[in-house]
Amino acid sequence: MKRTSLPLQRREFITLLGGAAATWPIAARAQQAAMPVIGLLDSRSPDALTDRLRGFRQGLKDTGYVEGENVAIEYRWAENQLDRLPALAAELVRRRVAVIATNGGPAVAFAAKAATTTIPIVFTVGEDPVRLGLVASLARPDGNLTGINFLVGELATKRLELLRALVPTATRIAVFVNPTHATNTETALRDVEPAARAMGLQIQVHNASTSREIDAAFATIVRERPDALFVGNDAFFNARRVQLVLLAGRHGVPAIYSDREYAEAGGLMTYGSNIVDVYRQIGVYAGRILKGVKPADLPVVQSSKFELVINAQTARMLGLTVPDKLLVAADAVIE
């Protein structure tokens with residue numbers, strides 16, 4: 001059978017097409033390799049952080065970055081084991097991420113800071129980052145760190161006032177702190193104790209850093225019958241919020257917490273920074289750093305969005321009548 005030759009132009013076209021097809025996977029791999037990577041380091045597990053992570057991704061989107069499209073995120077979770085943080089931070093450094101975002105308390109920020117002096121770090125802390133030694137000043141952070149201060153200690157007096165407004169007969173307040181997070185504990189007691197004295201309240205401090213210790217603290221509360229409970233801001237407590245809320249409800253203890261998520265889980269009342277917006281701001285700062293802005297040129301943001309959330313159903317279960325002034329002041333009332 002006679003073989004016919006392809007016309008020259010057609011042969012050239014097929015050759016070019018084959019060559020292009022061969023280079024497409026290479027180009028795709030090169031594009032993927034060029035995609036910037038953010039390291040996200042957290043002291044907890046991701047299970048209870050869905051809304052916060054959504055806020056973080058929204059902040060990235062606000063600056064033009066979408067996970068999986070033009071930015072990748074490497075997640076590292078310490079699962080409430082703080083001793084794992086240094087190794088997890090070192091992993092992100094070896095991964096050569098473009099920026100590290102830290103959440104879940106000062107210990108996370110310090111682990112990242114100890115791991116690198118060159119990779120930009122965006123932190124979230126509830127305490128003054130200057131006093132902690134993370135940055136030189138709020139306006140000019142200096143070094144490779146900047147972030148968000150969501151003002152926890154400064155709100156302790158306000159939380160006690162709200163608790164007293166809802167439970168006007170309260171005189172004895174149980175206070176939960178986590179001794180493992182020494183900085184959080186120091187801050188909480190430094191602000192709560194003088195505020196309580198000024199209001200004529202007696203406080204009893206309960207230490208809890210494990211689920212079992214939370215159970216033991218509530219066993220003490222059942223015996224001593226305080227009038228109300230003040231749960232300090234702590235990443236571990238937030239991770240165990242369902243346990244805390246259930247025990248407070250089971251034993252009929254009115255309680256106030258820091259984050260809206262407690263009220264959504266059935267907690268009586270919360271007052272604090274809009275934590276989802278805090279995470280959005282972290283995403284915005286991470287995105288700006290990816291665009292070339294230096295951490296030293298990004299002032300530490302102090303959270304300005306605060307919210308009071310009341311769970312009216314829990315109040316009724318506890319036999320409490322929520323005063324009209326609290327209902328009017330509340331940003332959300334959960335029915």
Side-chain angles (χ1 to χ4, degrees), residues 48 51-52 55 105 124-128 148-170 173-178 184-185 187-196 198-199 201 203 205 226-242 244-245 248-249 253-281 301-318 320-335:
D51 289 340
R52 299 186 183 202
T124 56
V125 291
E127 297 77 31
D128 179 357
I148 318 298
N149 173 207
F150 54 94
L151 302 176
V152 172
E154 293 86 341
L155 304 180
T157 300
K158 182 66 174 178
R159 289 197 187 102
L160 283 176
E161 291 173 351
L162 290 167
L163 190 56
R164 171 60 83 68
L166 185 54
V167 191
T169 59
I173 310 295
V175 177
F176 270 23
V177 295
N178 180 359
N184 282 8
T185 299
T187 300
L189 297 181
R190 187 191 65 231
D191 294 303
V192 170
E193 288 176 337
M199 296 171 62
L201 299 173
I203 67 169
V205 178
D227 301 308
L229 171 63
F230 181 105
V231 177
N233 178 74
D234 188 85
F236 168 70
F237 289 158
N238 181 272
R240 302 300 306 172
R241 61 183 177 272
V242 172
L244 287 162
V245 164
V253 184
I256 189 165
Y257 313 87
S258 57
D259 302 324
R260 180 190 186 112
E261 294 152 324
Y262 288 94
E264 292 174 344
L268 175 62
M269 182 166 54
T270 66
Y271 183 73
S273 298
N274 183 322
I275 202 68
V276 174
D277 186 66
V278 168
Y279 274 65
R280 183 193 64 79
Q281 291 173 316
V301 175
Q302 290 192 300
S303 181
S304 59
K305 288 187 177 182
F306 307 106
E307 55 185 3
L308 169 64
V309 182
I310 299 172
N311 191 311
Q313 184 177 18
T314 300
R316 289 192 293 271
M317 183 188 71
L318 293 171
L320 298 171
T321 300
V322 182
D324 289 341
K325 64 179 181 180
L326 287 186
L327 292 174
V328 171
D331 297 274
V333 177
I334 298 174
E335 295 288 351

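Here, residue 1 is the first one in the sequence, and each next residue gets the next number. Just so you know, these numbers come straight off a predicted model, no measurement behind them.
- Not one N or O on the side chain of D331 forms a donor-acceptor pair closer than 3.5 Å with the backbone of V309.
- The side chain to side chain contact (heavy atoms under 4.5 Å, CB included) test with I173 is passed by exactly one of I256, I203, L229: I203.
- Residue V167 comes nearest to P254 through the heavy atom pair CG2-CB, 3.8 Å, listed as atom of the first residue, atom of the second, then distance.
- At least one side-chain heavy atom of V192 sits less than 4.5 Å from a side-chain heavy atom of L160.
- Relative ring orientation between F176 and F237 is described as tilted, the plane-to-plane angle lying within the 30° to 60° band.
- Rounded to the nearest 0.5 angstrom, F150 CZ and D259 CG are separated by 7.0 Å.
- The two residues R159 and F230 have their closest heavy-atom pair at CB-CE1, 3.6 Å.
- Shortest non-hydrogen contact noted between T157 and A195 is OG1-CB, 3.4 Å.
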### Task
Give the C-alpha distance, both sets of side-chain angles, the deciding distance and a yes or no for side-chain contact (heavy atoms from CB on, under 4.5 Å) between T169 and D227.
CA-CA 8 Å; T169 59; D227 301 308; 5.8 Å; no

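- Here the shortest heavy-atom pairing between S273 and V278 reads CB-CG2, 4.3 Å.
- Within the 3.5 Å criterion, the main-chain N or O of S303 finds no donor-acceptor partner in the side chain of N149.
- A distance of 7.0 Å separates CD in E261 from CD1 in I275, rounded to the nearest 0.5 Å.
- Two residues are said to be in side-chain contact when any heavy atoms from C-beta on lie closer than 4.5 Å; V245 and Y257 meet this criterion.
- Rounded to the nearest 0.5 angstrom, N233 CG and T270 OG1 are separated by 11.5 Å.
- The backbone N or O of A170 sits less than 3.5 Å from a side-chain atom of R164, completing a donor-acceptor pair.
- Here the straight-line distance linking atom CE of M317 with atom CG of N311 works out to 8.5 Å at 0.5 Å rounding.
- Among V322, T314, I310, the single residue meeting the side chain to side chain contact (heavy atoms under 4.5 Å, CB included) criterion with M269 is I310.
- Looking at every heavy atom in both residues, L308 comes nearest to L326 through CD2-O, 4.1 Å.
- Going from atom NZ of K305 over to atom CZ of R280 covers 6.0 Å, rounded to the nearest 0.5 Å.
- Atom CD of Q313 sits in a sparse spot, with 12 or fewer heavy atoms from other residues, nucleotides or ligands closer than 6.0 Å.
- Not a single donor-acceptor pair under 3.5 Å links the side chain of T124 to the backbone N or O of I148.
- L155 and G272 get closest at one heavy-atom pair: CD1-CA, 3.8 Å.
- Taking 4.5 Å as the limit, some side-chain heavy atom of L166 sits within range of a side-chain heavy atom of P323.
- Taking 4.5 Å as the limit, every side-chain heavy atom of N274 sits out of range of all side-chain heavy atoms of R260.
- Rounding to the nearest 0.5 angstrom, the gap separating the CZ atom in R241 from the CG atom in D234 is 13.0 Å.
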